[in-house]
Protein chains: 2
Amino acid sequence: MRVGSSIWNRPERGTRGPAPGHSRDAIVAAAVVLADAEGLAAVSMRAVAGALGTGAGSLYRYLSSRDDLLDLMTDAAMAEMRPYPDGDRPWPDAMLTVARRQLELYRRHRWLIDAATRPAAPGPNVLEYFDHCLRLLAPVDCPDAAKFEAIAMVTGVVTLFARSEGAYPLDGVDPVAHPHLAAALSRPSSAPRTDLFDRSVRSLLSGLLAPG
Amino acid sequence: MRVGSSIWNRPERGTRGPAPGHSRDAIVAAAVVLADAEGLAAVSMRAVAGALGTGAGSLYRYLSSRDDLLDLMTDAAMAEMRPYPDGDRPWPDAMLTVARRQLELYRRHRWLIDAATRPAAPGPNVLEYFDHCLRLLAPVDCPDAAKFEAIAMVTGVVTLFARSEGAYPLDGVDPVAHPHLAAALSRPSSAPRTDLFDRSVRSLLSGLLAPG
DNA sequence: CCTAATCTGCAAACGGTGTTCGCAGTTTAA
DNA sequence: TTAAACTGCGAACACCGTTTGCAGATTAGG
């Protein structure tokens with residue numbers, strides 16, 4: 001994890017040579033279109049290059065790996081988190097607003113769930129996200145480390161919810177082997193709780209950011 | 001998601017033909033050893049077959065795809081969750097114990113973080129896990145749906161913690177672009193909170209399982 | 001017991017992937 | 001003007017999951 005070799009501080013091109021026919025932004029934009037339409041697995045170097053009318057090998061003039069492309073895609077999507085709410089509301093409300101925006105972002109770009117979960121060096125828009133969350137948490141009286149952890153946990157919970165929205169329901173459970181499970185599944189489900197997301201975020205925040 | 005074609009109710013072999021030289025369990029065990037040592041990406045059909053002294057194509061006599069193998073690996077690892085705690089302790093303590101066991105499981109098999117996150121039909125040991133959690137939550141007075149959601153959320157938070165333990169620290173943040181972030185990173189971190197995991201799980205449980 | 005159906009192991013092949021490399025041509029710095 | 005550095009490109013490499021065809025072994029049914 002040498003920061004010097006990261007995609008975020010490597011220049012897009014040198015000063016010599018002919019003008020490049022493409023750009024990082026154009027490549028990333030094409031990859032995002034592809035991922036939105038057909039999922040992250042469809043984002044192959046050949047497919048992205050094909051969308052730009054070139055060959056797979058040519059992309060390596062702009063990126064050093066497919067992982068770089070995924071990092072750039074992730075950061076480009078995080079730019080859609082703007083604008084961030086002001087700090088004039090109670091901080092739990094403001095954080096919940098940010099979390100909701102993020103959940104909508106994950107719905108808009110389902111591939112982000114996988115792309116953002118991958119270990120990677122955070123790009124400028126991810127850093128901006130962290131920075132704004134810290135700003136919203138400024139009135140909270142607790143150690144910085146706890147704030148970091150709380151932000152990371154809220155972010156993670158958003159991904160959990162986004163993931164769960166595409167999950168399959170349980171079915172065909174053996175009532176002998178798993179009695180409690182079968183019983184719970186056989187009971188008619190009462191009214192769905194629409195506020196599950198809000199409750200999760202709020203209880204996590206209050207639990208992790210208690211003063212001390 | 002036809003349950004009839006799932007790996008969990010397909011017989012391992014028919015009645016005719018010579019005795020097979022391998023077994024699903026042996027294949028899964030070899031794959032787990034490989035994943036423990038070199039990660040999930042190293043679990044290729046060729047590598048697993050090589051560890052068993054055969055060819056990649058031969059594995060398809062026992063499994064129908066690599067996804068099947070990953071499903072079997074996941075369920076095999078979940079078997080290590082046993083034994084489950086009794087229901088004679090307060091349910092938040094019991095659930096926390098289960099969550100801690102799961103975190104240890106994820107530390108032992110880091111590949112499980114990725115394998116279990118993948119959408120898949122739950123195997124018998126995963127169903128058993130759910131069943132035991134529901135048993136522990138039997139004294140709680142709230143809808144079954146809320147219990148399902150709480151269990152899923154606790155499970156997800158465990159994966160979040162397991163993932164975060166392998167993350168890289170932030171570094172080299174521009175104090176002009178991200179003032180709050182740079183300030184928080186420059187302040188000396190106080191004593192680490194060792195009870196972050198417990199607090200997260202407990203606050204989630206209390207927030208999601210409030211009576212009603 | 002014999003035949004036919006079925007299974008096993010194996011090696012080769014297919015289409016796909018990310019990535020590297022060499023080459024020809026173009027632009028710029030010195 | 002020369003040399004360095006860059007561009008695009010296509011072929012190639014080493015993998016990957018999976019399919020297929022075949023020889024040999026086993027078993028079920030008559």
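Proteins come first, then strands; the chains are lettered A, B, ... in the order of their sequence lines, and each starts at number 1.
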Next on the checklist: Let's go through A:R202 and A:D198 carefully: what are the C-alpha distance in whole Å and the side-chain angles of both, what is the deciding distance for salt bridge (charged side-chain N to carboxylate O under 4.0 Å, His left out) to 0.1 Å, and is it a yes or a no?
Outcome noted: CA-CA 6 Å; A:R202 290 201 121 98; A:D198 295 13; 5.2 Å; no

Anything under 3.5 Å between a protein N or O and an N or O of nucleotides 3-7 of chain D, put it in a table, one pair a line.
residue, atom, partner, partner atom, Å
D:dA5, O4', A:R16, NE, 2.9

Next on the checklist: List the residues meeting side chain to side chain contact (heavy atoms under 4.5 Å, CB included) with B:T159, not counting sequence neighbours, and say none if there are none.
Outcome noted: A:L160, B:Y106

Checklist entry - Charged N to carboxylate O under 4.0 angstrom, A:E128 versus A:R82? => result yes

Indicate every side-chain donor-acceptor pair of residues 69-81 of chain B with a distance under 3.5 Å to a residue at least two apart or in another chain.
residue, atom, partner, partner atom, Å
B:D71, OD1, B:R118, NH1, 3.2
B:D71, OD1, B:R118, NH2, 2.8
B:T74, OG1, B:L70, O, 2.8
B:D75, OD1, B:N125, N, 3.1
B:D75, OD1, B:V126, N, 3.2
B:D75, OD2, B:N125, N, 3.2
B:D75, OD2, B:N125, ND2, 3.1
B:E80, OE1, B:R108, NE, 3.3
B:E80, OE1, B:R108, NH2, 3.1
B:E80, OE1, B:H109, NE2, 3.1
B:E80, OE2, B:H109, NE2, 3.0

Checklist outcome for this item: The side chain to side chain contact (heavy atoms under 4.5 Å, CB included) partners of B:H180 (sequence neighbours excluded) come to A:D131, A:L134, A:R135

Checklist entry - For DNA chain C, what residues of residues 23-30 of chain A have any heavy atom nearer than 4.0 Å? => result none

Checklist entry - Contacts to DNA chain C from residues 35-60 of chain B, heavy-atom cutoff under 4.0 Å, which residues? => result B:R46, B:T54, B:S58

Next on the checklist: So, using ring pair (Phe, Tyr, Trp, His ring centres under 6.0 Å) as the criterion, who are the partners of A:H178 when residues are at least two apart?
Outcome noted: none

Next on the checklist: Students should find this one: the first and last nucleotides of DNA chain C, 5' to 3', lying under 4.0 Å from a heavy atom of chain B. What are they?
Outcome noted: C:dA5 to C:dA13

Checklist entry - So, do B:P83 and B:H132 sit near enough that their side-chain heavy atoms are less than 4.5 Å apart? => result no

Next on the checklist: Can you list everything that forms a side chain to side chain contact (heavy atoms under 4.5 Å, CB included) with A:V140? Sequence neighbours excluded, please.
Outcome noted: A:W91, A:L137, A:C142, A:K147, A:L209

Checklist entry - ring pair (Phe, Tyr, Trp, His ring centres under 6.0 Å) with B:Y129: which residues, sequence neighbours excluded? => result none

Checklist entry - Any donor-acceptor pair under 3.5 Å linking the side chain of B:S65 with the backbone of B:D68? => result yes

Checklist entry - side chain to side chain contact (heavy atoms under 4.5 Å, CB included) with A:A152: which residues, sequence neighbours excluded? => result none

Checklist outcome for this item: Residues passing the ring pair (Phe, Tyr, Trp, His ring centres under 6.0 Å) test with B:Y62, sequence neighbours excluded, are none

